[in-house]
Amino acid sequence: MVNKTSFLPTLTLLFGFAFLYAPIVILIIFSFNAGKLVSVWAGFSTQWYGELLHNEQILRAAWVSIKIAVVNATIATILGTLGAYGLSRFGAFKGRTLFTGMMTAPLVMPDVITGLATLLLFVGIGWTRGMSTITIAHITFSLAFVAVIVRARVSALDQSLEEAAMDLGARPVKTFIVITIPMLAPALVAGWLLAFTLSLDDLVIASFVAGPGASTLPMVVFSKVRLGVSPEINALGTLIVLLVALCIAVAAWIFHRQEQERLRDQQAAERG
Amino acid sequence: MASSTPETGKAAGQSRRFGIPGRYLVISAPYVWLLLFFLAPFAIVFNISFSSAIIAQPPYTALFDWSTGLIPQIRGTLSGYGFLLSDELYAVAYLNSIKIALVSTMLCLMIGYPMAYGIARAPAARRNTLLMLVILPFWTSFLIRVYAWIGILKNNGVLNNALISLGLIDEPLPMMHNAFSVYVGIVYSYLPFMILPLYANLAKMDESLLEAAADLGCRPWKAFLFITLPLSFPGIIAGSMLVFIPAVGEFVIPALLGGPDTLMIGKVLWNEFFHNRDWPVASAVAIAMLVLLVAPIVIFQHYQAREDDN
C-alpha cells in the first residue's frame, strides 16, 4: 500500500514519535550525568541513583504512593468492571443517563475541579484527611478509565459461551465468575495497570485531599522540581520508565503465550 | 438529571442472565460510589461558592442557618463571584486558558491527524506496534515528562546549547516560562489523547468507498477531502474534546513551564485555595470553569454514547 499519499503521514509519524520520545531519551541520558546540570554533559556517573536510594523522603513517599495505587487499582477494577458490564449488557434501566454521565465525565474533568470538590466533601462530612481520602478520590476517576477498557472487551465478547453455560444450568453469578471473568482477563489486567499508573501519577487531586499527614511521590517530586531541576529526579524518571517497560513487556508476553495456547487448542479440537 | 427510560422488551430479553434485582445489585456498587464521591462533591462546591470566607475550620460560613427553627435561613452571598468580576486577573486568566486550550487543540489536531492516518493505513502487522508507541509515553509519569522539557527548553538547556554549538544562533532563544513552553508542554502531553480516538475512527473506515472514488477518477487528495475527512468528523470531535477540556483546567504545565504572561485558570484556583486559603472564591472559580466546560463535556458524552452503541 505504498503510494504518494502515504508519504506525508509517514513523515509526520517519524517526527511525531521523535517529539514523543526525545524528552524521555534526554531524561534518561542526563540521569547518568556526573555534573549537577541536566543539560550539560560532564561525564558518566551513577551517583544520582545512589543518592536517590538514600533519600528517605522520596522513598517514604514512593511507598505511600504504591500502597495507595494498589488499593486504588484493585477497587477501581472491581467497580469499573461492574459498571462497564452493566452499561453494555443491561440495556435500558432507570437512571442510565445519569450513570453514563458519571462514568464518562471523570475522563475529562480538570483535576483542579475534581480535587477541590472531593476535598470539600471530606471536610463537609468531617472525614480525617490522609491516605484513605487520596485512595477514595483516586478510585473515583480511575474506575471510569477501567470501564472504558473493559467495555471495549465486553462488547467484543462472544455471548454464546455464557448462554451455553446457563443452558447447562449454571447460575448467572457462577457463569459470570467461571466464564465471563476469564474471558475479560486481558482487559482486567490492562485496566488494573492503568488505574495503578493513574494513581501513581496524580499530583493535583492528591494535593487537595491529602491533608497534612500524607505525601505522595508526585507531591514530593513537584516540590523538589519547583526549587530547580535535579539529576536525582532524572534518575527517578528513568527507573519509572524502566519499570513500566518491564510490566508491559511481561504482560504482552503472557498474553501472547495464552493466545498461542488458545490457537493450538483450537487447531487440536478442529483436527480431533 | 436522572432520566427514566421505560423498560423495553429488548432490555427485558437482555436481562435473562441477571434478574431485575441481580442487575441492580451489579450496578448499585459503582452507581452509589459515583453519586457519593463524584456528584455530591459538585453540589457542595456550588453551595460553598455562595458563602464567604472566615478564619475558622472549615474556613467558610455556613450557607444555611439552622438556629432559627425548622426552616433554615439562607445566608448566601455573591461576594465570591463579585470578587471574580472586580479583579481583572480572573478575566485575563479565564480568557488565557480558553485561548491556550483552543490553540493547543488545533496544534494537536494538525500533528495528530496525519499520525493517526499513517497508523491506520500502515500494514496490519505494524499497526499494533505503532499504536503501542503512541500509548507508551502515557504510561510513564506525566509530571516527570513535563519536567524533562525544562532541561530541553531553558536558556542553557539541551536545545539552546545544540543550536549555539551548531552556530545557528549566538544568544539563547527564550523558550522557557512563556507561551511557547506552555504550548509545547500541552501538545506533548495531550497528543496521544488526540491520536487514539482518531485512529479508532480511521481504522474502521470502509476503504471500498475510496476505491470506488478512485475507480471513478477521483484524485487521492480530493477523495481525502470529500470522503475521509467528513467521515472522520466524530473522531475529530472526540479527540478535540479530550484535549480541550482538561487543557482548560491544566495546572501542572503552566506551573512548571509557564511564566507571568501565561496565567491559566487552573493555577488561579490552586493559588486561591493553597495560598490565599479563600475556599469560597476557589469554589466560585471552579463553578465558572465548569460553566465554560459543560457544553464540551456534553458533546463528548454524546459522542461516547454513540460510539458505544455501534
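Note: hydrogens, waters and symmetry copies are ignored here, and every other heavy atom, side chains too, is used. Chain identifiers are assigned alphabetically (A, B, ...) following the order of the sequence lines, protein sequences preceding nucleic acid strands; residue numbering begins at 1 within each chain.
- Across B:L242, B:L290, B:I111, B:L293, the residue that shares the most heavy-atom pairs under 4.5 angstrom with chain A is B:L290.
- At a 4.5 Å heavy-atom cutoff, the contact between B:I119 and chain A is made by backbone and side-chain atoms alike.
- Contact of B:L130 with chain A is made through backbone and side chain together, with heavy-atom distances under 4.5 Å.
- Within the 4.5 angstrom heavy-atom criterion, only side-chain atoms of B:F300, from C-beta onward, approach chain A.
- When the ring-ring contact (aromatic ring centres under 6.0 Å, His included) test is applied to B:F251, the partners found at least two apart in sequence or on another chain are A:F222, B:W270.
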Requested in this report: Could you give me the CA-CA distance, side-chain angles and deciding distance for A:R96 and B:I27, then say whether side-chain contact (heavy atoms from CB on, under 4.5 Å) is met?
Outcome: CA-CA 10 Å; A:R96 187 189 162 105; B:I27 285 289; over 6 Å; no

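- Among the candidates A:L82, A:T114, A:V108, the residue making the largest number of heavy-atom pairs closer than 4.5 Å to chain B is A:V108.
- Here CG of A:L200 is found 7.5 Å from OG of B:S141. Values are rounded to the nearest 0.5 Å.
- With a 4.5 Å cut-off on non-hydrogen atoms, A:L193 touches chain B through its backbone and its side chain both.
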Using side-chain contact (heavy atoms from CB on, under 4.5 Å), reason through B:L35 and A:L98 one step at a time and then give a plain yes or no.
CA-CA 9 Å; B:L35 280 178; A:L98 176 64; 4.0 Å; yes

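- Rounding to the nearest 0.5 Å gives a distance of 10.5 Å between CG of A:L116 and CD1 of B:I44.
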Stepwise, does the side-chain contact (heavy atoms from CB on, under 4.5 Å) test hold for A:L107 with B:I245?
-> CA-CA 10 Å; A:L107 301 175; B:I245 301 168; over 6 Å; no

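- A 6.0 Å sphere centred on CZ of A:R226 holds more than 12 heavy atoms belonging to other residues, nucleotides or ligands.
- The CE atom of A:M102 sits 6.0 Å away from atom CG of B:L39, with the distance rounded to the nearest 0.5 Å.
- For chain B, the nearby part of A:L143 is the side chain; its heavy atoms alone come within less than 4.5 Å.
- Heavy-atom distances place both the backbone and the side chain of B:L133 under 4.5 Å from chain A.
- Taking both residues in full, the closest heavy atoms of B:P114 and A:T12 are given as CB-OG1, 3.1 Å, listed atom of the first, atom of the second, then distance.
- In this structure, no portion of A:T81 lies under 4.5 Å from any heavy atom of chain B.
- Residues of residues 20-29 of chain A placed with any heavy atom under 4.5 Å of a heavy atom in chain B are listed by number as A:L20, A:Y21, A:P23, A:I24, A:I26, A:L27.
- Within the model, atoms CD1 of A:I139 and CG of B:L34 stand 11.0 Å from one another, a figure rounded to the nearest 0.5 Å.
- Most heavy-atom pairs under 4.5 Å with chain A, from the set B:A43, B:G157, B:A286: that is B:G157.
- Taking the ring-ring contact (aromatic ring centres under 6.0 Å, His included) definition, one finds that B:F244 meets it with nothing, sequence neighbours left out.
- The side-chain heavy atoms of B:F42 and A:I113, taken from C-beta on, include a pair separated by under 4.5 Å.
- Interface residue B:I152: only side-chain heavy atoms are found under 4.5 Å from chain A.
- Highest contact tally toward chain A, considering only B:F224, B:F138, B:F273, is held by B:F273 [criterion: heavy-atom pairs under 4.5 Å].
- In terms of the ring-ring contact (aromatic ring centres under 6.0 Å, His included) criterion, A:F145 has no residue partners (sequence neighbours excluded).
- Considering all non-hydrogen atoms of both residues, B:Q301 and A:A105 come closest at NE2-N, 3.4 Å.
- Nearest heavy-atom pair, A:P110 versus B:P246, reported as atom, atom and distance to 0.1 Å: CG-CA, 4.5 Å.
- Both the backbone and the side chain of B:V187 come within less than 4.5 Å of a heavy atom of chain A.
- Neither the backbone nor the side chain of B:V248 has a heavy atom closer than 4.5 Å to any heavy atom of chain A.
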Could you walk me through whether A:D201 and B:W139 pass the side-chain contact (heavy atoms from CB on, under 4.5 Å) test, one step at a time? CA-CA 9 Å; A:D201 214 19; B:W139 286 77; over 6 Å; no

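- Formation of a donor-acceptor pair under 3.5 Å by the B:Y147 side chain with backbone atoms of A:G237 is not found in this model.
- Proximity to chain B is absent for every atom of A:L243, based on heavy atoms less than 4.5 angstrom apart.
- Nearest heavy atom pair, residue B:M115 against residue A:L13, reads O-CD2, 3.6 Å.
- Taking OG1 of A:T10 as the start and OH of B:Y117 as the end, the distance is 10.5 Å to the nearest 0.5 Å.
- Within the 4.5 angstrom heavy-atom criterion, atoms from both the backbone and the side chain of B:S283 approach chain A.
- Top candidate by heavy-atom pairs under 4.5 Å with chain B, chosen from A:D111, A:L119, A:L198, is A:L119.
- The shortest non-hydrogen separation linking B:P41 to A:A117 is CB-O, 3.2 Å.
- Taking the six-membered ring for Trp and thresholds of 30 and 60 degrees, B:W149 and A:F19 have ring planes inclined between 30 and 60 degrees apart.
- Remark: A:M109 CE to B:F38 CZ distance equals 4.0 Å, nearest 0.5 Å.
- Under the 30°/60° scheme for interplanar angles, the aromatic rings of B:F274 and A:F208 are found to be tilted.
- Annotation: maximal heavy-atom pairing with chain A below 4.5 Å, among B:I144, B:V45, B:I150, occurs at B:I144.
- With chain A as partner, the option from B:L36, B:N156, B:N161 having the largest number of non-hydrogen pairs under 4.5 angstrom is B:N156.
- Among A:A245, A:G101, A:G124, the residue with the largest count of heavy-atom pairs under 4.5 Å with chain B is A:G101.
- Of the listed residues A:I136, A:L236, A:L217, A:I78, the one with more heavy-atom pairs under 4.5 angstrom with chain B than any other is A:I136.
- Between chain B and the options A:L87, A:V204, A:V148, heavy-atom pairs under 4.5 Å are most frequent for A:V204.
- Between chain B and the residues A:D202, A:I233, A:T197, A:T140, the largest count of heavy-atom pairs under 4.5 Å involves A:T140.
- Ring pair B:F37/A:W127 is perpendicular by interplanar angle, where above 60° counts as perpendicular and below 30° as parallel.
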